[in-house]
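Worksheet for the structure shown next.
Because the structure is a prediction, the values reported are computed rather than measured.
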Amino acid sequence: MMERLSSHTSSDDQKLYRSAEELKRCEECDPLKKWKEQLIAEGVISESDYANLENESKSGFAANLPTRKRRGPSADELFLEVTGKFPH
């Protein structure tokens, strides 16, 4: 089972209703953290190469952020995406 790693929203503080122990346990089970540790342990990638890759991906995302801000799909487009056709 996958635990939620962060609060539901920016206005939700999960520290108010989740214990520090529970939050730590969730953090230790983070699949990305576990995958990173496994790749490094198996010699697939070094820790510094992983850090460089992570920084490159974050900076690339941030650089393209203005182009990512586009109009979301309309209600009709969402309906078609889910159902494939409009009701008659």
- Query: Shared ILVMFWY cluster between Leu39 and Leu32, side chains joined below 4.5 angstrom?
  - Reply: no
- Would you say Glu21 has more than 12 foreign heavy atoms packed within less than 6.0 Å of its CD? no
- Above 12 or not: heavy atoms from other molecules or residues under 6.0 Å from CD of Glu47? no
- Kindly compute the distance separating OG (Ser59) from CD (Glu54), expressed to the nearest 0.5 Å. 11.0 Å
- Search all heavy atoms of Lys33 against all heavy atoms of Glu27 and return the closest pair with its distance. CD-O, 3.8 Å
- Note on the structure: d(Leu53 CG, Ser46 OG) to nearest 0.5 Å is 10.5 Å
